[in-house]
Amino acid sequence: MKILHIEAGKNLYGGALQVLYLLGGLKRLFGDKVENVLICPTGCDLASAAQEFASVYAMEMKGDVDFGLKGRIQQVIRKEKPDLVHVHSRRGADIWGPWAARSEGVPVICSRRVDNPEPDWLAKFKYGKFNKVITISKGIREVLLSEGVPPDHVLCVHSAVDTEQYNLEKPDGDREWFQKEFGLAEDTITIANFAQMIERKGQETLMEAFSTLVDEFPTAKLMLFGKGPKLEQYKAFAEQKGLKDKVIFPGFRNDIARILPHIDIVAHPATMEGLGVALLQSAACGVPIVATAAGGIPEIVQDGYNGFLVDVGDVTGLTNRLKLLLGDAPLRHAQGLAGRNKVLNEFSIDAMASGNYQVYCDLLDHK
């Protein structure tokens, strides 16, 4: 079967990285049974990375009001004659992609990666254009069902993490590098958060909880990785709470796989979360997680098994669970290993590729 994939992301993380995983997984598992074609933006990182697994068409993709995008996609469909079109992103792809596919009589599906609520009428209209919708978590599926999208129209296939890149390995000298890179003492216990600096990711709630623990755990440091519009506000909040020397803002990093094996605890008190790729990466590296029971997070974090779950906005609950892990190294180790096993069993690239392939087969058989 020939699948035309459409991804509008320009940077190789998030959804675009999942597309790369999928392309590689399909070729590795199914070989000549699958032929991948990819449409993506000109100059994006995915275009070069995907050459090994797909025929790549790089083109202008300027968003929802890019009225010419439909025609450009149709040209590729007419040339490649795919059996199925798989739209992986928004930013115009979810508008012009299904329109182009249906104009050419080709079935079309989409992946939904966020749990942002939409008006019922919009959800029914938008997702009614697709033959099937694949959500990356059960939590996102429930959002769509609550908005009136029919249950048989929505399937769940979890996102994946590269368990070879994200692992427990700590090469010689890496611990020393980690401490020097971030100015940490040898006995430092680290709590880390990897997320965009926006309100719904909950960094302010995390700092609030951490501020009550610094006296009891003087060697603890909070590391807030990422960037975003709230960054300067969060820095000011940390200083206001007397945490200037306790909270580190390393910014956005491309070497998370090297950093994570040295982190003691990952905390993620988000108010909304589709699934949380950073949490998959953390679990794959054997790091216990304290997070809120929001969106798809409970599909990664099993309370008491590979971390702890607290209610959204529950500062006291977050504080107590962090305190428990800060004071118990054997518990951190045990929960970290449990998380690694959970990811290997449920969130591997092969599992994600097989799940998508099954959706393709079922839809094309039905056709």
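As the structure is a prediction and not an experimental result, all values here were calculated from the model.
Heavy atoms from other residues, nucleotides or ligands lying under 6.0 Å from CD of Gln165 number more than 12. Lys129 NZ: more than 12 foreign heavy atoms inside a 6.0 Å radius. Under a cut-off of 6.0 angstrom, the local environment of NZ in Lys227 is sparse, with at most 12 non-hydrogen atoms contributed by other residues, nucleotides or ligands. For NZ of Lys10, the number of neighbouring non-hydrogen atoms (other residues, nucleotides, ligands) closer than 6.0 Å is 12 at most. Crowding of Gln51 atom CD: a count of heavy atoms from other residues, nucleotides or ligands under 6.0 Å exceeding 12. In the displayed structure, Phe125 atom CZ is contacted under 6.0 Å by at most 12 heavy atoms of other residues, nucleotides or ligands.
In this structure a side-chain-to-backbone donor-acceptor pair under 3.5 Å is missing from Arg91 to Gly63. Of the possible donor and acceptor atoms, one in the side chain of Asp303 sits under 3.5 Å from a partner among the backbone N and O of Leu309. Without hydrogens or angle criteria, Gln335 side chain to Gly307 main chain gives a donor-acceptor distance under 3.5 Å. Of the possible polar contacts, none joining the Asn167 side chain to the Cys285 backbone as a donor-acceptor pair under 3.5 Å is found. In this structure, Gln281 contributes its side chain and Gly276 its backbone to no donor-acceptor pair below 3.5 Å. A donor-acceptor pair under 3.5 Å is formed between the side chain of Gln18 and the backbone N or O of Ala160. Checking side-chain atoms of Lys241 against main-chain N and O of Ala238 turns up no donor-acceptor pair under 3.5 Å. The backbone N or O of Gln302 lies less than 3.5 Å from a partner atom in the side chain of Asn306, making a donor-acceptor pair. Side-chain atoms of Arg321 never come within 3.5 Å of backbone atoms of Ala291 as a donor-acceptor pair (strictly under, hydrogens ignored). Not one N or O on the side chain of Ser89 forms a donor-acceptor pair closer than 3.5 Å with the backbone of Glu7.
Ring geometry for His262 against Phe178 counts as parallel: the plane angle stays under 30°, on a 0 to 90° scale with 60° as the upper cut. His88 and His5 have parallel rings, their planes meeting at less than 30° on a 0 to 90° scale where 60° marks the start of perpendicular.
Between Glu208 and Glu204, the closest side-chain pair of non-hydrogen atoms is not below 4.5 Å. Contact check for Pro298 versus Lys138: no side-chain heavy atoms found under the 4.5 Å cut-off. Side-chain atoms of Thr163 and Phe347, non-hydrogen and from C-beta on, never get closer than 4.5 Å to each other. For the pair Lys323 and Thr212, the minimum side-chain heavy-atom distance is 4.5 Å or more. Proximity of Arg112 to Tyr127: side-chain heavy atoms (C-beta onward) are separated by under 4.5 Å at one or more points. Residues Ile349 and Arg28 meet the side-chain proximity criterion, which asks for heavy atoms closer than 4.5 Å. When side chains are defined from C-beta on, Leu325 counts as touching Phe308, because their heavy atoms get closer than 4.5 Å. At least one side-chain heavy atom of Pro269 sits under 4.5 Å from a side-chain heavy atom of Asn193.
When all heavy atoms are compared, the tightest approach of Arg102 to Gly128 is NH2-O, 4.1 Å. Considering every non-hydrogen atom in both Gly97 and Ile6, the closest pair reads CA-CD1, 4.1 Å. Taking both residues in full, the closest heavy atoms of Ala50 and Leu38 are given as CB-CD2, 3.6 Å, listed atom of the first, atom of the second, then distance. The two atoms that bring Ala192 and Phe194 nearest to each other are CB-CE1, 3.7 Å, heavy atoms only. Across every non-hydrogen atom of Asn11 and Ala16, the tightest pair is O-CB, 3.3 Å. In plain terms, the two heavy atoms of Ala267 and Leu322 that are nearest each other are CB-CD2, 4.2 Å.
In this model, no donor atom of one side chain and acceptor atom of the other lie less than 3.5 Å apart for Glu346 and His158. Lys70 and Gln74 form a side-chain donor-acceptor contact under 3.5 Å, judged by distance and modelled atom types alone. Side-chain N/O atoms of Glu80 and Tyr57 include a donor and acceptor closer than 3.5 Å.
A salt bridge does not link Glu181 with Arg258: none of the charged nitrogens is closer than 4.0 Å to a carboxylate oxygen. A salt bridge does not link Lys132 with Asp362: every distance from a Lys NZ or Arg NE/NH1/NH2 to an Asp or Glu carboxylate oxygen is 4.0 Å or more. Checked for salt-bridge contact, Glu147 and Lys126 miss the test: no charged N lies under 4.0 Å from a carboxylate O.
Criterion: ILVMFWY side-chain heavy atoms under 4.5 Å apart, direct or through other members. Under it, Leu318 and Ile297 are not part of a common hydrophobic cluster. Following chains of ILVMFWY side-chain contacts shorter than 4.5 Å, one cannot reach Val114 starting from Leu22, and the two form parts of different hydrophobic clusters. The hydrophobic cluster containing Leu168 does not contain Val287, counting ILVMFWY residues as joined when their side-chain heavy atoms lie under 4.5 angstrom apart, directly or transitively. In this structure, Phe217 is not a member of the same hydrophobic cluster as Leu184, with clusters built from ILVMFWY side-chain heavy atoms closer than 4.5 Å. Hydrophobic cluster membership differs between Leu243 and Ile248, with clusters built from Ile, Leu, Val, Met, Phe, Trp and Tyr side chains linked at under 4.5 angstrom.
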Task: side chain to side chain contact (heavy atoms under 4.5 Å, CB included) between Ile39 and Arg72, intermediate numbers included - done: CA-CA 10 Å; Ile39 290 176; Arg72 294 194 292 275; over 6 Å; no
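For Phe249 and Tyr234, the distance between ring centers is not under 6.0 angstrom.
The side-chain tip of Lys27 does not point at the ring of Phe53 from less than 6.0 angstrom away and within 45° of straight on.
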